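Notes for the one structure printed next.
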Amino acid sequence: MGRVTGSIRTAGCERLQYDYAPGLVPEEEPGSFTMWRYRSLLPISDGPVRYPLPIGGTPLLPAPALRAGLGTPSLWVKDETRGPTASNKDRATALVIEDGLRRGLETITTASTGNAAVATAFGAAAAGMRAVIFVSVDCQEDKLALMTQAGAWVFQVPDGYAAAVDLSRAAVEEFGWVDRNTGVNPLTTEAKKTVALEVWEQLGRRMPDVMVAPVGDGPTLVALEKGFAELVACGLAARTPRLVGVQAQACQPLVRAWLGADPRPDELAPGSTVADGIAVLRPAIGDAVLRAVRSGDGAMVAVSDSELMEAVGLLASTAGVGAEPAGAASVAGLRSALRDGLVDLDETIAVLVTGREIKAAGSPTRARVAVAERLDDVRQALRAPEA
Ligand SMILES: *Cc1c(COP(=O)(O)O)cnc(C)c1O
C-alpha cells in the first residue's frame, strides 16, 4: 500500500501516481474516538447525543525528543489543545450543553474571562443555544471578539470577577438558564474525568504511575482523581496514579495550603503571572483538590513565570505542541517534581497539556457587549430588538 508507481507532469505541476484500486480506501467507519465513548459512566440517559462538535479522544503523544531532553523514557503528553476551542474546557461545555438540550433549555450562562467563556460561546453556537457570559471589565478584547463572533451576549460586570459569578448564578435562579459555572455544576467534573479514562485506555489499559496537571479552580485535577478511581471501582485497575498539581508561584493558594503555610501577598497576586488560565485566588473546589492529591500520595508544586515560559518553549521545540503558559504548567511542574525527587525518571508519567491561546480575527461586535450591575440590566439588554 502507498506504493507510488510513477509521476506525470501536468500544467507544470508534478502529480504522483499509485496503483489505483478500491482497496486503497479503507471501508471501516472513520475514527470516532470521542468523550461519548464513556457515556455509561456519564449522567446522561440513552438516546443519540445531539451535541454536534467532536469532543475528547485527544492524542496521547510519546514526544520522543521531550523524553530525551528530560531523561524520562516513559513520559506521555496528553494533548488537550486539540478540541474545538483548544482547551480542556470543551469537554465540560459539551456535557453541560448536552444535558441542557435534553432538558429543553435554550440559554446557557457562565462567568469567566478565559477559556471557559470561549468554549461556552462556541459550543452554544454549534448546539443552537443562546450563550450569556459575564466577565470582569478588564476582559481582553481578543476574548470579547471570539465570544461575540460566536454570537454570545457578553455582560461586563464593574465589580470584578466575583461579582460576575454572582450575577451569572442569580440569572440561573431567576431565568432557569443552564449553569456552566465551573466547580458549581457537577457535570463539569464528570466530563473532565473522561481524560483519565482515555489516558488509561491509550496506555493499553494501564495506569500511569504519576499524572501532572495544572490547577486553577480545581475541577481538572479533581476529575482526574475521580476518573482513575472509577476505573478501580469498575474492577479494571488495581491502583490509581499519584497526582501532582501545579500552580503559578504568583498565585499558589493551594500549594501553600498543601504545605500548611500562610501565603505571602506576592504568592496571591493573580494579575502578575503569565498563566492567567490558572491564576485563581479562591479556587472553587480547593478542598477537593487537596483531598484528591492526598488520597493518591501526590503533591502540589509551584512554578515561576520563567519556568512556565521555558515549558512553553520546550513543548513547542521538542513535542511540536503549542500551549499557553497555563497549558504548559504541567511540564514546568514535572521538571520541578523531578528535581525535588517527587517523581522518578523511569516512572510512567502523563503530563496534561490543557490549552492553547486562540487568536480572534477582527474586533468585538459592540452591540453584543453591555455593562451590567444587576439582573435588571441583563433583562433590559436582552429585551432590545437585536436580542
Ligand atoms: C481552566 C484551565 C486550567 C485549570 O483548570 P481548573 O479545572 O480550573 O483547575 C488549566 N489550564 C488551562 C489552559 C485552562 O483553561
Side-chain angles (χ1 to χ4, degrees), residues 58 77-93 95-96 110-123 135 139-140 143 146 161 165 180-196 211-227 243-248 251-255 257-258 270 273-293 298 300-303 308 311-312 315 321-333 351-358:
T58 57
V77 175
K78 181 64 171 166
D79 184 3
E80 282 288 282
T81 71
R82 309 293 186 97
T85 65
S87 88
N88 71 340
K89 301 298 189 291
D90 286 323
R91 291 188 196 249
T93 300
L95 186 60
V96 171
T110 192
S112 163
T113 47
N115 293 332
V118 175
T120 302
F122 278 72
V135 302
C139 182
Q140 295 166 23
K143 290 266 155 67
L146 286 166
Y161 182 66
V165 176
R180 164 67 179 88
N181 283 292
T182 194
V184 171
N185 187 336
L187 292 184
T188 60
T189 311
E190 289 305 300
K192 285 179 169 185
K193 86 182 177 196
T194 58
V195 174
M211 183 138 190
V212 190
V215 177
D217 271 306
T220 300
L221 184 137
V222 169
L224 286 175
E225 189 274 331
K226 186 163 194 275
L243 297 177
V244 176
V246 187
Q247 296 203 294
C251 187
Q252 47 163 312
L254 295 177
V255 178
W258 170 256
T273 170
V274 289
D276 57 308
I278 51 171
V280 181
L281 204 49
R282 275 177 285 278
I285 54 170
D287 289 344
V289 170
L290 298 176
R291 203 204 119 263
V293 170
M300 292 291 303
V301 300
V303 293
L308 285 163
V312 169
L315 271 171
V321 172
E324 60 184 85
S330 44
V331 171
V351 289
L352 185 67
V353 176
T354 43
R356 163 167 52 82
E357 196 101 43
I358 50 176

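Owing to the predicted nature of the structure, the values given are computational and were not obtained by experimental measurement. Start at 1 and go down the list; that is how both ligands and their atoms are numbered. Below, each value reflects all heavy atoms present in this structure, side chains not excepted, and no hydrogens, waters or symmetry copies.
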Closest non-hydrogen contact found for I358 with L146 is O-CD1, 3.6 Å
By salt bridge (charged side-chain N to carboxylate O under 4.0 Å, His left out), R91 pairs with (sequence neighbours left out) E80, E198
Of all heavy-atom pairs linking I278 and A329, the shortest is CD1-CB, 4.1 Å
Residues passing the side chain to side chain donor-acceptor pair (under 3.5 Å) test with K192, sequence neighbours excluded, are T220
Applying side chain to side chain donor-acceptor pair (under 3.5 Å) to K143 and not counting sequence neighbours gives E357
Heavy atoms of L221 and G245 approach each other most closely as CD1-CA, 3.6 Å
Just list the N/O pairs, ligand 1 to protein, that are under 3.5 Å apart, with the distance for each.
residue: ligand 1; atom: 5 (O); partner: T220; partner atom: OG1; Å: 3.1
residue: ligand 1; atom: 7 (O); partner: K192; partner atom: NZ; Å: 3.1
residue: ligand 1; atom: 7 (O); partner: P219; partner atom: N; Å: 3.3
residue: ligand 1; atom: 7 (O); partner: T220; partner atom: N; Å: 2.8
residue: ligand 1; atom: 7 (O); partner: T220; partner atom: OG1; Å: 2.7
residue: ligand 1; atom: 8 (O); partner: D217; partner atom: N; Å: 2.9
residue: ligand 1; atom: 9 (O); partner: G216; partner atom: N; Å: 2.8
residue: ligand 1; atom: 9 (O); partner: D217; partner atom: N; Å: 3.3
residue: ligand 1; atom: 9 (O); partner: G218; partner atom: N; Å: 2.8
residue: ligand 1; atom: 11 (N); partner: T354; partner atom: OG1; Å: 2.7
residue: ligand 1; atom: 15 (O); partner: K89; partner atom: NZ; Å: 2.8
residue: ligand 1; atom: 15 (O); partner: N115; partner atom: ND2; Å: 2.8

